[in-house]
Asker: 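Sending over a structure as structure tokens; questions will come in a sec.
Please read all numbers here as calculations on a predicted model, not as lab measurements. As the structure lists them, so they are numbered: ligands from 1, and atoms in each ligand from 1.
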Amino acid sequence: MNLHTYLLAKFKAALTAIGAPEDSPAPLSRSTREGFGHYQFNGAMALSKVLKQNPRDIAQKIVDAVDLDAEVEKLEIAGPGFINIHLKPEWLAQQLESANADSRLGINPEQQQTAVIDYSAPNLAKEMHVGHLRSTIIGDSVAKTLEFLGHKVIRQNHMGDWGTQFGMLLAHLNDKLAANEVAETALSDLEDFYRAAKVRFDNEEGFADRARDYVVKLQGGDAQCLQLWQNFIDVSIAHSEDVYQKLNVSLKRSDVMGESAYNKDLATTVSELQASGIVVESQGAQVAFLPEMADKNGNPAAYIVQKSGGGYLYSTTDQAAIRYRNGVLNADRTLIFTDVRQALHFKQTEIVARNAGFISEQQTYEHCPFGMMLGSDGKPFKTRSGGTVKLAELLDEAIERAEALINQRESDLSEQERKIIANKVGIGAVKYADLSKNRTTDYIFNWDTMLSFEGNTAPYLQYAFARIQSIFRKAGAVNSHANIQLQEVQEQLLAVKLMQYVEAIKQVSTEATPHVLCTYIYELASLFMSFYEACPILKEGIDEQTKNSRLMLAQLTSKTLQSGLDLLGIETMDKM
Ligand code: ARG
């Protein structure tokens, strides 16, 4: 059950009972300070103006009216009229027992919405690089969270697989194939391939013309040219898929809906925009003028959907994508994960699409921006020689570093076990370092911090999880239908935290912010560690009932950690 929603409903009923207006604010929050209860209701102050009564008197009336006898130990009025809510340990224990007995941890599916999630979206002309890391892992985690909450998620990998830069690439590829190279070998390093093609484009007599020729042929649907392009795209997608697999990301080939998929819709899209009068001709181009986004002199922003030569743009494809997602896929929500530099583009895109009726009033269009990944010098993350860092290489380094760390630790794990663990720890560390930061800010990439076994890191959480599994191994079978008793403070704090898992993932789903879940899991693991220190489980002298109750708490903690880490795409292990 969602504790917050549950309590809130009770307080809202109490407000009605004391004659508060229908839409009175009902602020209910988790208490942040120990001793102030578990939740706090702060509705009395705002009501005091409306009802013209002293806020403490109103608080008292709310306390008298609210129907929480079974759930609450005491309701305490503090300060100007805060109501501190202290939950009953027995009631909490019952909730935990039923959560532990349920495969969904007591979390009911929400009323289903269709969410289109546009993420990863690398540009296929080049190797996937660190810039796409954030989109890929943040988007994937939000996708998994929405699915867990019962929504229908449609992943859309809006890959950059079209555009004029393909002309030079295809001309170059054509020559390689003519010289009897196979595409896979020629394209084994896309970055090198791109560079070589660019050198020829800039320097080689006649090459630039051939490249332009290819663009024309490609757009004209020339069969041989399309074949070459398809060849290029296939190899390039396979490169991305290697990375997805390494990253334990759920994107599949069938989720690819690249820019090229909308080619056939672009002309219609533009004519629909013209027909509704949103787009007009200006200097030969097709443009939407947006007074909503005027500059400081009052000139409306110009949003171009077709160039004067007839060529289409990134924006045209995005309009076509909206037509498809909102009209055909019936998306209730669309979430797009790119870096913040595209924020203006998506704002304008939304305005145009709403004006055109491509997005209906009930449908959302949510650009979820993220900041940059910086090196330790605070500048954009680069290799030592200043080049862009390839994702695949970065991930290999993560695994190597994790392996070195794990080999330093004493353990009776076999070589092979250690390799598997190193893989999960290395990849987990890179992903978690990213996921745990508020996505809207830049963040500094630092190997030592992310691989530390202390603090808010993947290794710390994976270790906490493994530690609980070792308790279970020592305990033998755990009776998952024992009674929970919450006697010690640490047990109660852990219990309330366990109840709040659903609140954390709910927030991730509405705000597309996985860091909220990371913070939650970290706090949960930390509370478990303090509980475990203060409340021995398997020590001699612990009576059977206490032991079983604590084992149940450990079990629910373990399941919750597992579920949360799954949603983040971080793998766990039983031994570490
Ligand atoms: N390929 C683009 C890039 O790398 C991201 C695409 C995002 N999605 C979209 N619908 N425009 O910048």
Asker: Tell me, with the steps shown, if Arg210 and Asp175 meet salt bridge (Lys or Arg N to Asp or Glu O under 4.0 Å).
Answerer: CA-CA 11 Å; Arg210 280 181 59 216; Asp175 297 350; 2.7 Å; yes
Asker: In plain terms, say whether Glu511 and Arg439 are close enough for a salt bridge, that is, a side-chain N and a carboxylate O under 4.0 Å apart.
Answerer: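 Result for this pair is no, no salt bridge flagged.
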Asker: Can we call the ring centroids of Phe370 and Phe337 under 6.0 Å apart?
Answerer: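 Between Phe337 and Phe370, which both carry aromatic rings, the centre distance is not below 6.0 Å.
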Asker: Output every pair passing salt bridge (Lys or Arg N to Asp or Glu O under 4.0 Å) with a member in residues 355-377, not counting sequence neighbours, ordered by first then second residue.
Answerer: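 Only Arg333-Glu366 qualify under salt bridge (Lys or Arg N to Asp or Glu O under 4.0 Å).
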Asker: Which residue pairs pass the salt bridge (Lys or Arg N to Asp or Glu O under 4.0 Å) test when at least one of the two sits in residues 260-279, sequence neighbours left out?
Answerer: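 Every pair satisfying salt bridge (Lys or Arg N to Asp or Glu O under 4.0 Å) with a residue in residues 260-279: Glu272-Arg323.
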Asker: Between the protein and ligand 1, are there any N or O atom pairs that come within less than 3.5 Å of each other, and if so, what are their names and distances?
Answerer:
from	atom 1	to	atom 2	distance (Å)
ligand 1	1 (N)	Ala121	O	2.9
ligand 1	1 (N)	Asn123	OD1	2.8
ligand 1	4 (O)	Ala121	O	3.4
ligand 1	4 (O)	Asn123	ND2	3.3
ligand 1	4 (O)	His132	NE2	3.1
ligand 1	8 (N)	Asp118	OD1	3.2
ligand 1	8 (N)	Asp118	OD2	3.1
ligand 1	10 (N)	Asp118	OD2	2.7
ligand 1	10 (N)	Asp318	OD1	2.7
ligand 1	11 (N)	Tyr314	OH	2.7
ligand 1	11 (N)	Asp318	OD1	3.3
ligand 1	11 (N)	Asp318	OD2	3.0
ligand 1	12 (O)	Gln342	NE2	2.8

Asker: The criterion is side chain to side chain contact (heavy atoms under 4.5 Å, CB included); which residues satisfy it with Asp189, sequence neighbours excluded?
Answerer: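 Testing Asp189 for side chain to side chain contact (heavy atoms under 4.5 Å, CB included), a comparison that skips the adjacent residues, returns Glu127, Glu191, Asp192, Lys390.
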